[in-house]
Peer 1: 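Just dropping this structure here.
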Amino acid sequence: MADDLRRNMALFPIGIVMKLTDLTARQIRYYEQHELIVPARTSGNQRLFSFNDVERLLEIKSLIEKGVNIAGIKQVMNPVSKESEEATVVSEQSEVKRRELSDTQLHRLLKQQLMEKRPGKASMIQGQLSRFYNKN
DNA sequence: ATTCTGACA
DNA sequence: TGTCAGGA
């Protein structure tokens with residue numbers, strides 16, 4: 001359990017994260033603007049990512065590929081409370097619950113989006129149901 | 001050599 | 001999202 005201490009320590013610069021996640025610096029910075037990730041900064045204002053940040057980015061990437069946009073991801077993903085170090089204090093159970101909840105929320109969100117889908121207006125979810133079922 | 005922010009022919 | 005500028 002002193003594990004996430006390591007998972008949360010800021011280690012790599014954006015360049016490495018780009019290779020690790022196959023995301024562009026543009027995307028990574030964009031997701032940060034939308035508070036999907038909160039990487040640490042060096043004294044020189046350079047971003048430093050932790051393993052947790054990379055994991056989140058991979059999750060985000062996965063959702064993006066499923067056709068979920070930022071708005072949808074914000075609702076499905078656990079907001080980065082305090083500094084990811086906070087989540088470190090919660091029990092392993094709540095960790096599991098959060099995942100289950102996320103899935104439920106995704107399902108609800110998808111249904112919700114499909115319903116209120118009005119012509120002309122861009123929907124939050126662009127993918128179809130099929131995409132949702134063969135997830136991960 | 002890398003990364004950062006802001007902006008858009 | 002890509003990409004270029006101008007600075008650190």
Side-chain angles (χ1 to χ4, degrees):
Chain A
M1 257 158 245
D3 237 57
D4 30 54
L5 191 162
R6 265 163 288 193
R7 296 187 173 232
N8 282 317
M9 75 181 146
L11 300 174
F12 13 69
I14 199 168
I16 291 179
V17 178
M18 288 174 70
K19 297 176 181 176
L20 260 37
T21 64
D22 284 301
L23 290 171
T24 64
R26 179 75 162 80
Q27 294 177 299
I28 296 172
R29 292 172 185 139
Y30 180 73
Y31 302 149
E32 177 186 21
Q33 287 192 299
H34 288 272
E35 308 175 274
L36 266 36
I37 53 170
V38 186
R41 296 285 183 141
T42 65
S43 46
N45 197 42
Q46 304 280 111
R47 268 167 272 251
L48 281 188
F49 303 75
S50 66
F51 278 93
N52 274 180
D53 292 326
V54 175
E55 279 182 28
R56 288 183 69 84
L57 284 171
L58 289 174
E59 240 185 277
I60 294 169
K61 183 193 170 197
S62 170
L63 289 171
I64 289 295
E65 296 175 325
K66 293 182 191 313
V68 182
N69 63 185
I70 308 301
I73 295 178
K74 282 184 181 177
Q75 293 175 51
V76 178
M77 269 181 85
N78 323 313
V80 179
S81 45
K82 314 307 174 196
E83 290 129 61
S84 45
E85 291 132 57
E86 162 281 338
T88 293
V89 187
V90 293
S91 69
E92 224 176 272
Q93 280 249 312
S94 62
E95 184 63 39
V96 176
K97 279 192 175 182
R98 286 200 301 177
R99 286 201 169 296
E100 298 176 346
L101 198 64
S102 290
D103 245 40
T104 300
Q105 287 180 52
L106 215 197
H107 200 165
R108 171 186 61 61
L109 181 65
L110 183 66
K111 192 188 300 175
Q112 170 196 308
Q113 295 302 311
L114 291 178
M115 301 275 287
E116 69 182 49
K117 195 164 192 169
R118 280 165 292 183
K121 190 186 180 191
S123 60
M124 292 207 297
I125 295 182
Q126 312 152 345
Q128 310 90 321
L129 283 167
S130 58
R131 286 290 180 81
F132 176 73
Y133 291 105
N134 29 280
K135 52 188 176 181
N136 296 329

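To find a chain, count down the sequence lines: A is the first, B the second, and so on, and within it residues start at 1. Everything numeric here is computed off the predicted structure, so don't read it as measured data.
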Peer 1: Identify the residue among A:L11, A:I16, A:V17 that makes a side chain to side chain contact (heavy atoms under 4.5 Å, CB included) with A:F49.
Peer 2: A:V17

Peer 1: Given pairs defined as Watson-Crick or G-U wobble with both distances under 3.5 Å, what dot-bracket annotation applies to DNA chain C, with ( ) intrastrand, [ ] crossing, | other strand and . unpaired?
Peer 2: .|||||.|

Peer 1: Of A:L23, A:I28, A:I37, which is the lone residue that meets side chain to side chain contact (heavy atoms under 4.5 Å, CB included) with A:I60?
Peer 2: A:I37

Peer 1: Can a salt bridge be assigned to the pair A:R56 and A:D53 using a cut-off of 4.0 Å between side-chain N and carboxylate O?
Peer 2: no

Peer 1: Between A:A25 and A:M18, what is the shortest heavy-atom contact and its length?
Peer 2: N-CE, 3.6 Å

Peer 1: Looking at A:R29, A:Q46, A:E32, which hits side chain to side chain contact (heavy atoms under 4.5 Å, CB included) with A:P39?
Peer 2: A:E32

Peer 1: From A:I70 CD1 over to A:Q75 CD, what is the distance, rounded to the nearest 0.5 angstrom?
Peer 2: 12.0 Å

Peer 1: May I ask whether A:L48 and A:L58 are part of the same hydrophobic cluster, defined by side-chain heavy atoms of I, L, V, M, F, W, Y residues being less than 4.5 angstrom apart, directly or through others?
Peer 2: no

Peer 1: Could you run down nucleotides 3-9 of chain B 5' to 3' and tag each one B, S or - for protein heavy-atom contact under 4.0 Å?
Peer 2: SSB-B--

Peer 1: Please report, rounded to the nearest Å, how far the P atom of C:dT1 is from the CD1 atom of A:I60.
Peer 2: 11 Å

Peer 1: Under a single-linkage definition using a 4.5 Å side-chain heavy-atom cutoff for Ile, Leu, Val, Met, Phe, Trp and Tyr, are A:L57 and A:I64 assigned to the same hydrophobic cluster?
Peer 2: yes

